Amino acid sequence: MESKGLLCFFLFMCLTYNLKAQINFENQATALGVVMSAGDLEYGSGVSFIDFNNDGWDDISLATESGSQSEFFLNNQDGTFTRQNFALTSNNVQGRQIVWADYDNDGDKDLMVVSNTDGNHLYNNNGAFMFTEVTALAGLPTTNIETWGASFGDINNDGFLDLFLSNRDDNFVQPNRLFLNNQDGTFSDISIAAGIHTSSHLSFCSAFFDYDNDGWQDIYVINDKNFNENFLYHNNGDNTFTNVAAAAGVNVAIDAMTATIGDYNNDGWFDIYITNTPIGGNVFYKNNGDGTFTDVTTVTGTALNSFAWGSVFLDADNDMDLDMYVSCSMDGSIPSLASAQFYTNNADETFSTPSAGFLGDTGISHSNAIGDVDNDGYPEILVSNSNNENVFLWKNVATQTNNWLKVNLQGVLSNKDGIGSKIEISVNGNKQYRYTLCGEGYISQNSNTEFFGLGSNTVVEYIKVTWLSGQVDYLENVSANNTLTIVEGSNPLSTESVQENIQQVLVFPNPTLEEITIKSNTVIIRFSLYDSFGKEIFKAQPNSKTYSLNLEEFSSGIYYIKVYHDENDIVRKIVKM
């Protein structure tokens with residue numbers, strides 16, 4: 001019996017190894033029609049793998065060196081690409097990052113090209129690939145502020161995307177800048193009032209994400225050099241932020257390059273991966289779910305110790321956990337310094353480094369992003385190279401049998417792109433979580449589509465989307481191997497769909513003329529009412545499951561109710577008629 005048990009265990013381990021060994025990526029950039037180079041720009045240029053024409057197929061964009069035009073490749077809806085020549089003014093700048101975002105909520109992706117030498121440029125999408133530069137009109141700086149990274153998020157949950165610019169200048173002059181979207185196509189610089197540091201910290205990039213699950217987007221900022229600590233700006237809910245990096249345990253001071261956000265252990269709390277040089281290596285922070293993080297680099301085996309830059313989380317084999325790929329600016333000629341690294345998730349909060357293809361992955365690489373070129377549910381990786389080398393487009397070519405689900409979001413009360421939403425799915429009782437970002441990682445942008453691996457499962461028990469507005473959409477019994485577009489409010493969470501462990505808050509009637517009722521399935525300890533600018537204007541401590549609030553004295557407009565529970569806080573958007 002013991003021998004039989006050992007044999008079964010051996011066969012199981014072999015099967016597991018074979019499943020992991022099936023992961024295989026091939027560089028098919030040229031074969032798929034993506035022939036482009038960023039030139040020989042020091043520290044590289046940014047890539048975007050986003051569907052910029054909203055046809056359901058991920059397209060490709062690349063920032064380039066000075067004197068060259070930014071490159072755009074349209075997916076032919078078959079996994080091959082054709083170069084597009086957009087008539088953009090000032091399109092020969094030294095680009096660092098390209099970000100597509102619908103900042104005016106008109107249903108099409110607008111374009112921002114970031115430069116550290118020639119000023120930033122915002123282009124409004126007029127449709128039919130016609131763009132108008134609106135940088136000055138939008139109230140953004142037209143002079144060079146030496147920007148490397150741009151990320152979009154919604155700091156006050158008003159349904160419009162705000163903008164954070166990460167600036168890095170060797171003269172230590174340019175601070176980072178935070179711009180509030182005025183909902184009319186313009187932005188206001190609120191950096192000082194919001195509590196953003198007013199001195200230079202050599203920042204490469206930032207990421208908007210809700211690290212404490214309180215319904216407000218926080219900002220993690222990556223700062224270069226070992227005398228600059230990284231910042232974690234906690235959103236106070238009133239258009240101000242407090243740097244809590246030290247208290248949260250994420251104030252590392254290294255040659256930080258990227259902030260890669262993902263939930264590697266599927267616990268619903270989003271973690272941070274930071275790349276670095278060989279001295280000290282990369283840093284992996286696990287979110288403890290209590291406002292703090294723990295350094296798990298050694299435990300996870302992900303230090304790498306090379307000259308690492310961009311990194312991405314992806315479920316390469318759709319086995320229901322997030323793997324990771326890291327680009328490095330080394331050519332592989334020094335054995336101790338990796339040119340790149342793929343990590344597979346062992347599903348026990350550790351990672352391994354199997355052979356996963358990537359033959360010829362020896363470019364001087366910097367930024368990277370994920371997308372799905374052929375809509376087969378298996379993500380690809382796009383990598384930008386220096387030395388005038390063509391980009392790498394690592395096609396996911398392994399023969400796989402695992403199922404998948406892809407989710408797109410369309411906001412109604414929230415921003416049109418659904419940025420800042422949390423997506424939860426349950427598969428055979430096992431949960432996974434994704435958080436929608438825009439302009440994340442080292443000068444890069446991943447696909448707007450969120451990918452979920454389902455393993456051998458054919459049905460997703462439920463999908464739960466929590467929007468920044470507080471709206472929750474809930475879908476049950478979703479078939480595998482589907483791409484869904486979920487419109488905010490189209491599948492509202494109902495009492496029939498609520499599981500016992502899901503805390504529900506109802507606010508009705510909404511919209512309202514005078515009075516609203518707040519009803520919860522647990523005791524409401526306290527709640528606050530905020531205006532559209534994030535200012536707290538009323539608070540109460542009901543200590544009951546139901547509370548009625550008269551809004552007669554308040555003017556018409558949009559308000560937010562934040563209900564505080566023992567374990568998590570819930571935000572609801574209301575409209576006063």
Side-chain angles (χ1 to χ4, degrees), residues 20 22-34 36 38 44-51 57-62 73 75 79-81 98 257-258 260-262 264 273 275 302 304 306 308-319 321-329 332 338-345 351 353-386 389-398 400 404 406 434 437 440-451 453:
K20 294 295 183 183
Q22 288 180 352
I23 300 174
N24 188 24
F25 287 85
E26 290 180 358
N27 179 22
Q28 294 189 5
T30 301
L32 297 178
V34 185
M36 61 180 181
S45 63
V47 292
S48 171
F49 215 153
I50 199 171
D51 174 14
W57 295 78
D58 287 329
D59 308 305
I60 287 174
S61 308
L62 176 73
F73 284 78
N75 195 315
T80 67
F81 294 82
I98 284 182
M257 313 299 185
T258 189
T260 302
I261 308 299
Y264 81 103
Y273 188 72
T275 53
T302 54
L304 188 56
S306 184
W309 291 84
S311 66
V312 284
F313 284 115
L314 73 162
D315 190 349
D317 50 358
N318 284 334
D319 66 346
D321 52 38
L322 287 177
D323 310 303
M324 186 165 54
Y325 174 84
V326 185
S327 293
C328 300
S329 58
S339 58
Q341 186 62 64
F342 174 79
Y343 291 99
T344 188
N345 193 322
F351 290 79
T353 56
S355 174
F358 296 102
L359 296 178
D361 195 0
T362 55
I364 308 300
S365 307
H366 294 91
S367 63
N368 53 41
I370 64 168
D372 184 0
V373 300
D374 53 1
N375 281 344
D376 69 348
Y378 282 81
E380 276 76 52
I381 308 171
L382 177 68
V383 180
S384 173
N385 297 314
S386 295
E389 185 174 3
N390 198 64
V391 298
F392 293 151
L393 179 50
W394 295 109
K395 182 73 173 65
N396 197 332
V397 297
Q400 299 283 1
W404 50 271
K406 293 168 61 176
R434 301 288 185 268
L437 302 106
E440 65 278 19
Y442 177 70
I443 59 174
S444 61
Q445 182 179 28
N446 293 321
S447 171
N448 259 14
T449 303
E450 296 297 330
F451 300 73

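Because the structure is predicted, anything quoted here is derived from the model rather than measured.
- The nearest pair of heavy atoms linking A29 to N390 is CB-ND2, 3.6 Å.
- Distance CD/Q341 to CZ/F358: 9.5 Å, rounded to 0.5 Å.
- With respect to the salt-bridge test (charged N to carboxylate O, under 4.0 angstrom), the residues K395 and E26 do not qualify.
- Checked by atom type and distance alone, the side chain of D317 never pairs as donor or acceptor with a backbone atom of I23 at under 3.5 Å.
- The two residues A338 and L304 come nearest to each other via the heavy atoms CB-CD1, 4.0 Å.
- Checking each of T258, N368, T260 against S311 for a side-chain hydrogen bond (donor to acceptor under 3.5 Å, both in side chains) leaves exactly one that passes, namely T260.
- S327 places none of its side-chain heavy atoms less than 4.5 Å from the side chain of H366.
- Contact check for D59 versus F73: no side-chain heavy atoms found under the 4.5 Å cut-off.
- Judged by distance alone, the side chain of E450 and the main-chain N or O of R434 form no donor-acceptor pair under 3.5 Å.
- Separation of atoms CG (L382) and OG (S61) is listed at 9.5 Å; rounding is to 0.5 Å.
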> W404 and F451: ring pair (Phe, Tyr, Trp, His ring centres under 6.0 Å), yes or no, with the steps?
Replying inline: CA-CA 7 Å; W404 50 271; F451 300 73; 8.6 Å; no
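- Here the closest heavy-atom approach between residue D361 and residue S339 is recorded as O-OG, 2.7 Å.
- Here Q22 contributes atom CD and D319 contributes atom CG; the two are 10.5 Å apart, rounded to the nearest 0.5 Å.
- Side-chain atoms of N75 come within 3.5 Å of backbone N or O of V373 as a donor-acceptor pair.
- No option in L314, D315, D372 other than L314 meets the side-chain contact (heavy atoms from CB on, under 4.5 Å) test with P379.
- Distance CZ/F49 to CG/L393: 5.0 Å, rounded to 0.5 Å.
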> Could you go step by step and tell me if E440 and N446 meet the side chain to side chain donor-acceptor pair (under 3.5 Å) rule?
Replying inline: CA-CA 7 Å; E440 65 278 19; N446 293 321; 2.9 Å; yes
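- In this structure, the side chains of V397 and F25 stay at 4.5 Å or more apart for every pair of heavy atoms.
- By the 4.5 Å heavy-atom criterion applied to side chains, T275 and Y442 are not counted as neighbours.
- For the residue pair W309/S367, the side-chain donor-acceptor check at 3.5 Å is not satisfied.
- A donor-acceptor pair is defined here as one N or O able to donate and one able to accept, closer than 3.5 Å; no such pair exists between the side chain of N345 and the backbone of F351.
- Once rounded to the nearest 0.5 Å, the distance linking OG of S45 with CG of L62 reads 4.5 Å.
- Under a 3.5 Å cut-off, the side chain of S447 and the backbone N or O of T449 do form a donor-acceptor pair.
- What you find for V47 and S384 is that their closest heavy atoms are CG1-CB, 3.6 Å.
- Annotation for Y273 and T302: closest pair OH-O, 2.7 Å, computed over non-hydrogen atoms.
- The aromatic ring centroids of Y325 and F342 lie 6.0 Å or more from each other.
- Atoms OG and CD1, from S444 and I370 in turn, are 10.0 Å apart once rounded to the nearest 0.5 Å.
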> Given F313 and D323, is the side chain to side chain contact (heavy atoms under 4.5 Å, CB included) satisfied, shown in steps?
Replying inline: CA-CA 6 Å; F313 284 115; D323 310 303; over 6 Å; no
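- Q445 and A369 get closest at one heavy-atom pair: O-CB, 3.3 Å.
- For the pair N27 (side chain) and W394 (backbone), a donor-acceptor distance under 3.5 Å is absent.
- Side-chain contact between D374 and E380: present, with at least one pair of heavy atoms (C-beta onward) separated by less than 4.5 Å.
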